[in-house]
Number of protein chains: 2
Amino acid sequence: MSLRHAILGFLSLKPLSGYDLRKAMDASVQHFWPADQAQIYRTLARLVADGLVDVQDVDGDTRQRKLHIATAEGLAELDDWLRTIHPAEDSREPFLIKMFFGGRIGAADVRALLLARRGEAEAMRTTFQGIATSIPAGGDLNTTLRRATLLSGLRHVEAEILWIDETLEAVE
Amino acid sequence: MSLRHAILGFLSLKPLSGYDLRKAMDASVQHFWPADQAQIYRTLARLVADGLVDVQDVDGDTRQRKLHIATAEGLAELDDWLRTIHPAEDSREPFLIKMFFGGRIGAADVRALLLARRGEAEAMRTTFQGIATSIPAGGDLNTTLRRATLLSGLRHVEAEILWIDETLEAVE
DNA sequence: TGCTTATATAGGACTTGTCATATATGACCT
DNA sequence: AGGTCATATATGACAAGTCCTATATAAGCA
């Protein structure tokens, strides 16, 4: 249920419409929290119902957007969540299921799967590197942490590429 | 929808009851595909309805278990899936959302989150290392690939630990 | 003027997975 | 004989997310 808190996080920065929220998330946290448009609106509605977010219709504007503002309770809830130490959630890796039963399809086909994945990982590495170098190290805490979320993605694709090469060699 | 294929994979090795399946999955693929008991039984029922798995009641046995056997179509479906190159799925990392908005709670609390996560990652590294060393390298394709799924987990926790240390330093 | 695109919100149907609970029996122990 | 544990299967209620579709308006362009 982290979308709730991701949304509260964005609203803690400034009031946003559902539409803006979607764009903001796509532009920043998409690689570790891809958000579905329908889900954003539904979660927003839920947050409003729970009193963690206020809505304000914008009439003076050109568009009929609904500005969402985090309430004091919303911010308190966000900070509580941020400070809580949650155990790591388990991840699902369909690709590893394929590897686990790869014996059925033989080494050649397994190599093809690994190479395809390697290509994807390389592309992601390039993307992450490009964005990461655009954020200089040594900024304030916010910048440092936002940079860190990117580096996390980068470190994991790097590890993935290394693992693929290692596995490719083992399958040889 | 990979549980379907994970199940087909296990049934391709030998017929199993839902109960056995759960134990087999917990003992081998749990770290990349944790399976819920209810979900296993429901998916099994679905596979039977789809003609990919046959059921056989075991009467002679002490227990009233239902042996599940992959049909020819089931195995064909499994192999098709194994050979298909699927694009990597996006992962959700609640922890990174916390990092992204960590500026709200300050460096000290962020460090606490990172250290807690580091502890978990270290524990997982130890577990993975223990199991990985029990599987010697250089076996047949099946063994190599099963070892590879473990090494994948190991490489990723290693990367995670490195990233945590890097981030801890940046937050200093 | 008409076409397309971006803005903006929302509901329906569905899938996957989780959590709790129900049920029943055989095995083992005291 | 009674209690507990492992075996074995299954359902109900729910949460979270995906995909598709509907709706409406403003902006920009040809």
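Everything numeric in this text was worked out from a predicted model, so none of it was measured. The figures here come from the full heavy-atom set of this structure, side chains too, leaving out hydrogens, waters and symmetry mates. Note on naming: letters A, B, ... go to the chains in the order of the sequence lines (proteins, then strands), and numbering restarts at 1 for each one.
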Under the 3.5 angstrom rule, does the side chain of A:Trp163 hit a backbone N or O of B:Thr149 as a donor-acceptor pair?
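Such a contact is absent between A:Trp163 side chain and B:Thr149 backbone.
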Within the side chain of B:Thr71, is there an N or O that forms a donor-acceptor pair under 3.5 Å with the backbone of B:Leu52?
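Checking the backbone N and O of B:Leu52 against the side chain of B:Thr71, a donor-acceptor pair under 3.5 Å is found.
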Working note: A:Leu150 + A:His31, criterion side chain to side chain contact (heavy atoms under 4.5 Å, CB included); need CA distance, chi angles, decisive distance, verdict.
CA-CA 8 Å; A:Leu150 262 167; A:His31 74 283; 4.3 Å; yes
N/O (side chain, B:Lys23) to phosphate O (OP1/OP2, D:dA8) under 4.0 Å
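So the side-chain polar atoms of B:Lys23 never come under 4.0 Å of the phosphate oxygens OP1 or OP2 of D:dA8.
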Does A:Tyr41 have a side-chain nitrogen or oxygen under 4.0 Å from the phosphate oxygens OP1 or OP2 of C:dA10?
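It does not, given that no N or O in the side chain of A:Tyr41 lies less than 4.0 Å from OP1 or OP2 of C:dA10.
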Considering only NZ, NE, NH1 and NH2 on the basic side and carboxylate oxygens on the acidic side, decide whether A:Arg4 and A:Asp50 come within less than 4.0 Å.
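Looking at A:Arg4 and A:Asp50, the cut-off is met.
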So which of [range] are in contact with DNA chain D, with a heavy-atom cut-off of under 4.0 Å?
range	answer
residues 26-39 of chain B	B:Gln37, B:Ala38
residues 7-22 of chain B	B:Ser17, B:Gly18, B:Tyr19, B:Asp20
residues 79-101 of chain B	B:Arg92

Between [N] ([atom2]) and [X] ([atom1]): distance, integer Å:
X	N	atom1	atom2	answer
B:Leu47	C:dT15	CG	P	14 Å
A:His68	C:dA8	NE2	P	13 Å
B:Arg46	D:dA10	CZ	C1'	18 Å
A:Gln64	C:dA6	CD	P	18 Å
A:Arg65	D:dT25	CZ	C1'	14 Å
B:Asp57	C:dT25	CG	P	16 Å

Which other residues end up in the same hydrophobic cluster as [X], if Ile, Leu, Val, Met, Phe, Trp and Tyr are linked when side-chain heavy atoms come under 4.5 Å apart?
X	value
B:Leu162	none
A:Tyr19	A:Tyr41
B:Ile69	none

Hey, does the side-chain of B:Arg42 have a donor or acceptor N/O within less than 3.5 Å of a partner on the base of D:dG12?
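Between D:dG12 and B:Arg42, which were checked side chain against base, a qualifying N/O pair under 3.5 Å is present.
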Check the pair B:Lys98 / A:His86 against side-chain hydrogen bond (donor to acceptor under 3.5 Å, both in side chains), numbers first and verdict last.
CA-CA 10 Å; B:Lys98 286 195 194 178; A:His86 296 100; 2.6 Å; yes
Nearest-0.5 Å distance, CG of residue A:Leu113 to CG of residue A:Leu168
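Result: 11.0 Å between the selected atoms.
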Residue A:Leu3, side-chain heavy atoms: nucleotide from D:dA10, D:dG17, D:dT7 that is nearest:
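Nearest to the side chain of A:Leu3 among the choices is D:dG17.
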With B:Glu122, the side-chain contact (heavy atoms from CB on, under 4.5 Å) member among B:Ile161, B:Thr127, B:Val157:
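With B:Glu122 as partner, B:Ile161, B:Thr127, B:Val157 yield a single side-chain contact (heavy atoms from CB on, under 4.5 Å), made by B:Ile161.
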Could you check whether A:Arg92 makes a cation-pi contact with B:Phe32, meaning its NZ or CZ is under 6.0 Å from the centre of the six-membered ring and within 45° of the ring axis?
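No.
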